[in-house]
Amino acid sequence: RGPGAPAWLRECSWQEMAHDEFTAFVHSLSGVGGSVAVGSGDRSWKVVLCSTAPAAQLAAGDRWGFGVTNILEAWQVGDPVPRRFIDWLVAYGYALVEIPLQVSSSSPAGDTAAPLIAQLDTWLWIDSSDWATRSATTPAVFGVSATVTAEPYSVVFRTSEGEVIDCQDNIGAVYDYSRPGGAQSTGCSVVYRDASSVADQTLTSTVRWGVTYSCSSSACPSGTLPDFVITTTRDVRVAEIVGVGIATED
């Protein structure tokens with residue numbers, strides 16, 4: 001799922017509570033004696049509960065002057081939607097996006113059966129099925145949902161020999177063994193200089209995804225989020241072709 005998004009975001013829940021019910025609930029969480037003042041009137045409360053959220057994320061202790069666990073945000077019906085709630089909803093959508101773990105392809109494959117060949121071009125690419133827009137929409141929370149969309153836009157390959165191949169928005173061309181080599185071309189290739197055994201050389205690919213969000217309510221404007229950055233490394237074998245010349249006497 002969303003790379004780097006903390007798991008606690010997906011474990012939150014939400015519910016609407018009557019005023020007296022919410023007051024008693026906060027009192028049970030606060031760990032302090034006496035009455036707890038959590039607003040006035042008899043309006044009900046909208047409450048987001050995140051039992052495993054870090055303490056720094058919880059709003060209630062700051063608002064009411066004592067430590068309250070589990071409550072990420074709460075507001076009375078009719079009040080403006082708090083920004084912390086919107087931020088959490090968008091982050092929740094960010095955590096739901098499923099990004100494939102792209103493992104770069106190459107021709108040759110770079111394994112024992114088909115090693116890369118030193119001093120010759122190795123074609124590189126990311127499978128087109130992995131190079132596709134991904135999105136996720138949160139459940140409607142108090143009538144508001146957020147949709148987060150991720151789109152790949154850059155791939156960079158790195159070799160253990162120190163070469164960097166920036167294919168930018170070019171995911172590389174798949175080598176077609178049914179066609180003559182001279183009839184094909186690619187803008188995404190690398191040349192390994194030294195032969196190796198299987199585990200002595202590596203090929204790393206880094207794919208960057210641009211991330212945006214939109215919401216079903218005007219209380220939650222659209223915007224951008226930090227990129228998803230997916231890096232994978234695989235071992236490759238590099239072989240060399242040795243030519244043998246035979247001298248003949250005239």
Side-chain angles (χ1 to χ4, degrees), residues 1-7 9 91 93-136 148-213 223-243:
R1 299 201 176 216
L9 285 168
Y94 188 86
L96 293 178
V97 179
E98 296 185 359
I99 300 296
L101 183 63
Q102 299 103 334
V103 177
S104 62
S105 298
S106 64
S107 179
D111 54 18
T112 302
L116 312 183
I117 305 299
Q119 309 304 324
L120 296 180
D121 280 344
T122 295
W123 286 36
L124 306 172
W125 67 87
I126 297 294
D127 289 342
S128 58
S129 60
D130 290 335
W131 193 268
T133 300
R134 301 294 199 279
S135 66
V148 175
T149 301
E151 184 173 4
Y153 70 88
S154 170
V155 57
V156 174
F157 297 94
R158 290 178 173 84
T159 73
S160 48
E161 293 181 335
E163 287 203 49
V164 177
I165 306 93
D166 186 351
C167 296
Q168 299 180 10
D169 59 352
N170 173 16
I171 65 172
V174 178
Y175 191 86
D176 185 352
Y177 286 96
S178 68
R179 299 171 57 199
Q184 305 178 67
S185 63
T186 181
C188 202
S189 63
V190 66
V191 175
Y192 279 82
R193 306 297 175 186
D194 300 315
S196 72
S197 61
V198 173
D200 289 342
Q201 297 269 29
T202 59
L203 176 62
T204 297
S205 62
T206 298
V207 179
R208 302 188 71 91
W209 298 68
V211 188
T212 59
Y213 69 90
T224 60
L225 294 168
D227 284 358
F228 289 148
V229 181
I230 308 297
T231 297
T232 58
T233 298
R234 64 183 176 96
D235 295 331
V236 293
R237 181 188 179 194
V238 182
E240 59 183 352
I241 298 176
V242 178

* Find out whether Trp125 and Thr186 are in side-chain contact, i.e. whether some heavy atom of one side chain is under 4.5 Å from a heavy atom of the other. => no
* Would you check if Ser105 and Asp127 make a side-chain contact, meaning some heavy-atom pair closer than 4.5 Å? => yes
* Asked: About how many Å separate CZ of Arg193 and CD of Gln119, when rounded to the nearest 0.5 Å?
  -> 5.5 Å
* From OG1 (Thr206) to CD1 (Ile230), nearest 0.5 Å -> 9.5 Å
* **Minimum-distance pair of heavy atoms, taken over all atoms of Asp227 and Gly210** => OD1-CA, 3.6 Å
* Asked: For the residue pair Val174 and Trp123, what are the closest heavy atoms and their distance?
  -> O-CZ3, 4.1 Å
* Quick one: pull up OG1 in Thr159 and CG in Asp194 and give me the separation to the nearest 0.5 Å. => 10.0 Å
* Asked: Shortest non-hydrogen contact from Arg134 to Pro100?
  -> NH2-CG, 3.4 Å
* To do: Report the distance from atom CD of Glu151 to atom OG1 of Thr133, rounding to the nearest 0.5 Å.
  => 4.0 Å
* To do: Applying side chain to side chain contact (heavy atoms under 4.5 Å, CB included) between Val156 and each of Asp166, Thr204, Thr231, report the one that passes.
  => Asp166
* Kindly give the heavy-atom pair with the smallest separation between Ala118 and Val238, and that separation in Å. => N-CG1, 3.7 Å
* What closest approach, in Å, do Val148 and Tyr94 show between heavy atoms, and which atom pair accounts for it? -> CG2-N, 3.5 Å
* **Side chain to side chain, Trp209 and Val207, heavy atoms closer than 4.5 Å** => yes
* Asked: Which heavy atom of Val211 sits nearest a heavy atom of Pro226, and at what distance?
  -> CG2-O, 3.5 Å
* To do: State the CD1-CZ distance between Ile117 and Arg237, to the nearest 0.5 angstrom.
  => 8.5 Å
* **Euclidean distance, Thr202 OG1 relative to Arg158 CZ, rounded to 0.5 Å** => 11.5 Å
* Assess whether side chain to side chain contact (heavy atoms under 4.5 Å, CB included) is satisfied between Leu116 and Ser106, documenting all intermediate values. => CA-CA 9 Å; Leu116 312 183; Ser106 64; 4.1 Å; yes
* Asked: So, the side chain of Ser135 versus the backbone of Thr149: is there a donor-acceptor pair under 3.5 Å, distance only?
  -> no
* Using distance alone, with no hydrogens and no angle criterion, decide if Gln201 and Glu161 have a side-chain donor and acceptor under 3.5 Å apart. => yes
* To do: Indicate yes or no: at least one non-hydrogen side-chain atom of Val190 is less than 4.5 angstrom from one of Leu124.
  => yes
* Asked: Side chains of Phe228 and Val97: does their closest heavy-atom pair fall under 4.5 Å?
  -> yes
